[in-house]
Undergrad: 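Here it is, the structure, as structure tokens.
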Amino acid sequence: MSTLWSGRFDTAPDAAVFEFGASFAFDRRLFEDDVRGSLAWADALREAGVLSSEDARAIAGGLTEILQRGTADPAWVSGPDEDVHSFVERQLVERIGDAGRRLHTGRSRNEQVSLDLRLFLRRRIAALQRQVLDVLDALAALAERSGTTLMPAYTHLRRAQPVLVAHFVLAHAAALRRDYARLGAAAAEADALPLGSGAVAGTNYAIDTARLASALGFSRVVTNSIDASADRDFAAAFLHACSLSMVHLSRFAEDIIIFSGEEHGFFELSDEASTGSSMMPQKKNPDPLELVRGKTGRTIGRLAGFLATMKGLPSGYNKDLQEDKEAVFDADATLAGCLESVALVVRGLRINGERTTPAAAGLLLATDVADYLVSRGLPFRRAHELVGLMTRRLLDEKRDFESLTLAEWQRYSDLFQADVIDRVTATASVAARRTPQSTHPDAVAAALQDLGAFIADARRRER
Ligand code: ARG
């Protein structure tokens with residue numbers, strides 16, 4: 001196999017060394033981006049007077065043919081080439097001869113690979129964002145169908161206070177909305193044209209980089225050629241956005257794994273989103289959710305590993321940077337697969353109100369009892385202490401607040417009046433919340449509406 005750089009060498013590289021350095025096995029995923037980048041570059045060379053119109057036309061024709069062939073038959077994009085850039089150039093020269101040998105004028109693979117990865121991220125991030133919207137859609141529908149069903153909210157994994165199931169569902173949606181924005185920020189970071197940087201010092205030809213940037217859909221051009229040849233901040237930002245998205249999917253998975261188990265029984269997984277045991281016939285396992293949780297470690301590993309790759313690099317391009325691609329591809333594929341699974345799980349999730357509603361009552365109402373006393377003028381700290389004492393007694397007697405008669409309430413404090421019976425229920429508890437981020441049913445309905453508007457707006461902007 002001849003390389004793009006064989007001229008300087010007496011002998012070909014050792015086969016094992018070549019194989020070790022080759023990236024075509026994975027950077028073939030950049031095929032489409034590489035060809036599109038070259039089409040634009042050839043045009044910029046023509047405009048700069050470097051390529052004759054004839055050569056530029058031949059190159060455009062050859063590249064278009066290559067792009068069509070490769071997109072129609074992805075398996076064709078393979079061979080003994082060192083990388084995808086070498087593959088495309090070989091194919092071009094095979095088709096159009098010397099004109100193809102003029103394409104790389106004034107350009108380096110260092111900037112080319114940065115360009116390709118930026119283009120790849122732009123299209124993949126948009127696709128991931130669409131998948132985030134699909135999950136958000138499924139969560140909105142789940143919140144919707146939960147109506148005003150109650151469940152306990154937890155802190156320290158101990159029952160804390162009653163909330164609407166919808167409020168719990170929308171909590172996970174809130175995190176995913178941040179992920180949507182964070183993925184967008186990574187795309188914005190990748191949104192700069194690196195071409196014109198040459199290998200490290202810039203190019204000798206009068207390329208109109210601003211024009212080339214807009215031809216390729218970039219909103220700006222990089223500012224320093226040395227920085228550009230080794231800047232992979234956009235890749236790191238993407239890996240971070242993927243990692244945090246995975247952390248959120250993992251936390252959702254963990255909640256549902258726990259809440260769909262026999263001990264809680266709050267939710268029932270659909271059969272499509274569950275698996276059985278080869279030995280225990282009764283089992284219905286949440287494998288997809290466990291895999292989402294498990295794969296999160298892998299994505300965080302990609303981020304941590306890539307940052308470690310970057311930290312010792314001297315200025316300018318270094319071959320270490322080739323490690324960016326497998327990290328990015330793996331994080332992308334992992335997040336895409338997990339988003340798809342989670343959407344499927346959420347769509348099939350059944351809420352078991354007979355289990356969530358009673359779990360939302362009982363001693364969880366202690367804070368509401370204290371707030372009742374505060375409304376009668378008792379300082380909160382005193383109210384807290386008194387309700388703590390009541391809780392201790394009720395625990396001993398295996399009873400809860402709702403079983404107390406008015407006389408029993410008043411034995412604890414004469415501040416308790418007849419209305420305490422109605423004020424200390426799970427339904428009254430959520431209705432007493434006053435802030436927009438609270439679980440008050442009106443606040444939750446508004447939050448659900450806001451989520452719907454966000455999804456509709458994001459989908460509109462996508463088109
Ligand atoms: N495969 C290389 C990479 O992924 C492409 C750039 C090669 N540049 C070079 N000077 N060897 O980074």
Side-chain angles (χ1 to χ4, degrees), residues 1-9 12-38 40-41 70 77-92 101 103-124 189-190 192-204 222 224-239 302 305-333:
M1 183 67 215
S2 87
T3 59
L4 296 177
W5 36 263
S6 53
R8 187 230 176 275
F9 294 85
D14 176 83
V17 167
F18 179 80
E19 202 41 50
F20 181 62
S23 53
F24 195 25
F26 48 89
D27 69 16
R28 53 191 295 283
R29 301 186 57 170
L30 299 175
F31 167 75
E32 173 188 335
D33 310 291
D34 195 72
V35 180
R36 290 191 199 286
S38 286
W41 179 247
V77 183
S78 62
D81 310 86
E82 184 183 11
D83 53 29
V84 68
H85 327 294
S86 315
F87 169 82
V88 173
E89 195 168 315
R90 174 170 66 82
Q91 290 293 337
L92 186 64
R101 294 189 176 89
L103 170 64
H104 209 54
T105 312
R107 185 177 68 171
S108 154
R109 277 185 298 166
N110 299 351
E111 50 184 338
Q112 197 180 348
V113 75
S114 164
L115 172 73
D116 292 4
L117 197 58
R118 289 166 188 265
L119 292 174
F120 171 87
L121 282 176
R122 184 166 73 197
R123 61 189 171 87
R124 284 304 308 153
E189 181 129 24
L193 175 82
L195 295 182
S197 300
V200 69
T203 192
N204 295 14
V222 297
N224 179 296
S225 62
I226 304 174
D227 173 52
S229 72
D231 169 22
R232 292 295 182 276
D233 290 1
F234 59 92
F238 174 71
L239 293 172
R302 289 301 191 174
F306 182 63
L307 291 175
T309 293
M310 292 300 295
K311 79 169 272 291
L313 294 192
S315 296
Y317 178 84
N318 298 272
K319 181 81 166 181
D320 316 44
L321 290 166
Q322 182 165 290
E323 290 295 308
D324 60 359
K325 275 167 288 299
E326 284 163 296
V328 162
F329 297 157
D330 188 61
D332 169 40

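All ligand and atom numbering here is 1-based and tracks the order in the structure.
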Undergrad: Do W41 and Q112 have a side chain donor and acceptor closer than 3.5 Å?
TA: no
Undergrad: Measure from atom 9 (C) of ligand 1 to every heavy atom in V200, N110, N318 and give the option owning the shortest one.
TA: N110
Undergrad: Enter the distance from S86:OG to R109:CZ here, rounded to the nearest 0.5 Å.
TA: 5.0 Å
Undergrad: Who's the nearest protein heavy-atom neighbour of atom 7 (C) of ligand 1, and how far?
TA: Y317 OH, 3.6 Å
Undergrad: F329 and F26: ring-ring contact (aromatic ring centres under 6.0 Å, His included), yes or no, with the steps?
TA: CA-CA 8 Å; F329 297 157; F26 48 89; 7.0 Å; no
Undergrad: Does this structure show an ion pair linking R118 with D231, if we count only N-O contacts that are shorter than 4.0 Å?
TA: yes
Undergrad: Please confirm whether K319 comes within less than 3.5 Å of ligand 1 when only nitrogen or oxygen atoms on both sides are compared.
TA: no
Undergrad: Counting non-hydrogen protein atoms only, what is the nearest one to atom 1 (N) of ligand 1? Give residue, atom name and distance.
TA: Q322 OE1, 2.7 Å
Undergrad: Counting both backbone and side chain atoms, is some N or O of D324 under 3.5 Å from an N or O of ligand 1?
TA: no
Undergrad: Looking at K311, I'd like to know if its NZ atom is crowded, meaning that more than 12 non-hydrogen atoms belonging to other residues, nucleotides or ligands lie closer than 6.0 Å.
TA: no
Undergrad: So if I count the atoms of ligand 1 from 1 in the order they appear, which ones are less than 4.0 Å from some heavy atom of K325?
TA: 3 (C), 4 (O), 12 (O)
